[in-house]
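Positions are given from 1, in the same order as the sequence printed here.
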Amino acid sequence: MDSVSPRKCSGCKNGAAFPHVLRTAFQPIYDLRDGSVFAYEALVRGEHGQGAAEVLGWVDDENLYAFDQACRVEAIRQAVAAGLLDTKARLSINFMPNAVYSPMACIQLTLKTAREVGLAEDRLIFELTENERVDTAHVREIVAAYRSLGFATAIDDFGAGYAGLNLLANLQTDLVKIDMELVRGIDSSEPRRQIVYAIVRLCAEMGRQIIAEGIETPGELEALQAMGVHLVQGYYLARPALGSLAPALSMQPARLAV
Ligand code: G
Ligand code: MN
C-alpha cells in the first residue's frame with residue numbers, strides 16, 4: 001500500500017471533522033430508453049441550502065481531505081435516507097483527485113458507510129472533477145483502485161478545462177459526461193453536433209457509456225437523443241433537489257413527457 005500522511009489522514013477518521021454541516025442535493029440522470037433514473041448525482045450544499053460555490057469557499061488546504069470525506073459520507077447517508085434503496089438507481093459522487101491522498105486509505109470511510117447502510121459497491125459512481133491540473137499517474141491509481149473495489153468511474157465535464165482527450169486516453173473510466181458547454185445550443189450549432197457525435201461514436205468504440213449533462217431545452221434533448229445519447233441530465237429534465245430523489249420520467253410513445 002502507498003504511504004499515508006498522518007496529518008492528512010487525521011481529518012478522515014470520522015466525517016464530522018469538517019467544521020460545517022453539509023447537506024446534499026440530488027439531480028437525476030435519466031435513461032431515455034425507459035424513463036428510469038440511471039443515477040442520482042450528489043451535489044454538496046450548506047446547512048441552509050447554500051450553493052456549491054459558497055460551500056467550496058469554506059474549503060482550504062487544511063480541511064480539504066475532511067471535506068471530501070464528509071461529502072461522500074453525507075451523499076451516501078442522505079441518499080439512503082431519501083429512499084435510494086427503494087430504487088434501482090445508482091449514486092454518483094463527485095470527487096477531486098487532489099483531495100485523495102492515498103486511494104485505498106481514503107476510500108475506507110466511504111466503503112464502511114456504504115456497507116453500513118446496505119448500498120452495494122456497484123451502485124456507486126465516482127465522477128472525476130478536474131478543476132485543477134492533476135498528476136496523471138495519481139488519477140490512474142485512483143481509477144484503478146476504485147474499479148478494483150467494484151465502483152464505477154466517470155470523467156466529468158468532458159471537453160472542458162483539463163478534461164480533454166488525454167484523460168480519455170489515460171483513464172479507463174466506465175462513463176464519460178459531456179460538458180454542458182458542448183450541449184448548450186447543440187440543436188442550432190452544426191459544429192457542436194459534429195463534435196458531440198464524434199465523441200458519441202468514439203466512446204461507443206471504446207466501450208464507454210456517455211452521459212450528456214446540462215440539458216436546458218427540449219431542442220437540446222431531441223438533438224442528443226437523435227444522436228443515440230440516452231443517458232441525460234439537466235435543468236430541463238430535473239433540477240437538483242435538496243435531500244430528495246426525483247421520480248422516474250413519465251414516457252409517452254416515441255417522445256418524452258417532461
Ligand atoms: O461539474 P459538474 O458537472 O459536477 O457540475 C454540476 C453542476 O451543474 C451542479 O452545480 C448543477 O447544479 C449544475 N447543473 C446541472 N444541470 C444543469 C443545467 O442544465 N444547466 C446549468 N447551467 N447547470 C446545471
Ligand atoms: Mn459532476
Side-chain angles (χ1 to χ4, degrees), residues 27-34 36-42 88-98 100 103 107 120-187 189-215 220-234 237:
Q27 188 181 27
I29 299 168
Y30 291 107
D31 187 333
L32 291 176
R33 290 170 296 190
D34 60 2
S36 64
V37 178
F38 171 76
Y40 292 97
E41 180 172 1
K88 290 197 157 57
R90 307 202 227 175
L91 179 65
S92 198
I93 298 178
N94 292 283
F95 82 96
M96 296 174 283
N98 288 339
V100 175
I107 197 68
E121 283 85 346
D122 65 2
R123 290 185 64 185
L124 276 170
I125 301 169
F126 286 94
E127 297 187 17
L128 180 80
T129 305
E130 299 244 42
N131 43 20
E132 49 191 309
R133 187 168 283 287
V134 289
D135 173 33
T136 304
H138 177 59
V139 188
R140 283 175 79 123
E141 205 188 315
I142 298 171
V143 170
Y146 286 12
R147 286 200 119 187
S148 75
L149 292 168
F151 303 131
T153 54
I155 293 173
D156 203 0
D157 306 319
F158 181 69
Y162 296 113
L165 290 170
N166 280 324
L167 275 195
L168 212 51
N170 289 325
L171 303 178
Q172 301 301 313
T173 65
D174 309 280
L175 294 135
V176 174
K177 294 185 81 174
I178 301 178
D179 185 60
M180 64 177 83
E181 222 177 300
L182 284 170
V183 165
R184 189 67 54 251
I186 190 167
D187 45 328
S189 164
E190 185 62 17
R192 279 183 169 71
R193 274 201 300 280
Q194 288 169 329
I195 292 167
V196 170
Y197 191 46
I199 296 172
V200 168
R201 280 173 299 169
L202 177 62
C203 285
E205 274 174 34
M206 295 178 100
R208 283 119 182 274
Q209 282 187 284
I210 286 264
I211 298 171
E213 65 180 15
I215 297 166
E220 289 168 357
L221 182 67
E222 273 171 29
L224 289 156
Q225 208 172 0
M227 289 178 197
V229 175
H230 52 258
L231 298 179
V232 291
Q233 179 184 22
L237 297 152

| said: Minimum heavy-atom separation for Arg90 and Ala152, please, with both atom names. | reply: NH1-CB, 3.6 Å
| request: Check whether any side-chain heavy atom of Lys88 sits under 4.5 Å from a side-chain heavy atom of Arg123, and report yes or no. | output: no
| request: Show your reasoning for whether side-chain contact (heavy atoms from CB on, under 4.5 Å) applies to Leu224 and Leu32. | output: CA-CA 11 Å; Leu224 289 156; Leu32 291 176; over 6 Å; no
| field | Heavy-atom closest pair, residues Asp174 and Arg147 | value | OD1-NH2, 2.9 Å
| field | Side-chain touch Arg140/Leu171, heavy atoms, less than 4.5 angstrom | value | yes
| field | Contact summary for Phe38 and Ile125, nearest pair of heavy atoms | value | CE2-CD1, 3.9 Å
| request: Take Arg184 and Glu181, measure what salt bridge (charged side-chain N to carboxylate O under 4.0 Å, His left out) needs, and give me the verdict at the end. | output: CA-CA 5 Å; Arg184 189 67 54 251; Glu181 222 177 300; over 6 Å; no
| said: Determine whether the aromatic ring centres of residues Phe95 and Tyr146 are separated by less than 6.0 angstrom. | reply: yes
| Is the closest side-chain heavy-atom distance between Ile107 and Phe126 below 4.5 Å? | yes
| field | Separation between CD of Glu141 and OG1 of Thr136, rounded to the nearest 0.5 Å | value | 12.5 Å
| field | Residue pair Val183 / Ala212: nearest heavy atoms and the distance that separates them | value | CG2-CB, 4.3 Å
| query | How many angstroms lie between NE2 in His230 and CG in Asp34, if you round to the nearest 0.5 Å? | reply | 9.5 Å
| field | Straight-line distance of Ile199 CD1 to Arg208 CZ, nearest 0.5 Å | value | 12.5 Å
| Atom pair CG/CD1 of Leu221 and Ile215 - distance to nearest 0.5 Å | 5.0 Å
| message | Please give me the minimum heavy-atom distance between Gln172 and Thr153, naming the atom from each residue. | response | O-OG1, 4.1 Å
| When rounded to the nearest 0.5 angstrom, what distance separates CZ in Arg193 from CG in Asp187? | 7.5 Å
| request: Kindly indicate whether the side chain of Leu231, heavy atoms from C-beta on, has any atom under 4.5 Å from the side chain of Lys177. | output: no
| message | Quick one, Asp156 and Leu128 - any side-chain contact, counting heavy atoms below 4.5 Å? | response | no
| task | Measure the OG-OH distance between Ser92 and Tyr40 for me, rounded to the nearest 0.5 Å. | result | 13.0 Å
| task | Would you mind reporting whether Leu165 and Phe158 have side-chain heavy atoms less than 4.5 Å apart? | result | yes
| remark: Checking Gln233, Glu213, Glu41 against Gln27 for side-chain hydrogen bond (donor to acceptor under 3.5 Å, both in side chains), the one that qualifies is Gln233
| Between the main-chain N or O of Ile93 and the side-chain N or O of Glu127, is there a donor-acceptor pair closer than 3.5 Å? | no
| query | Among Val232, Leu175, Ile178, which one satisfies side-chain contact (heavy atoms from CB on, under 4.5 Å) with Ile210? | reply | Ile178
| Closest contact, heavy atoms only, Ile186 versus Leu182 | CB-O, 3.9 Å
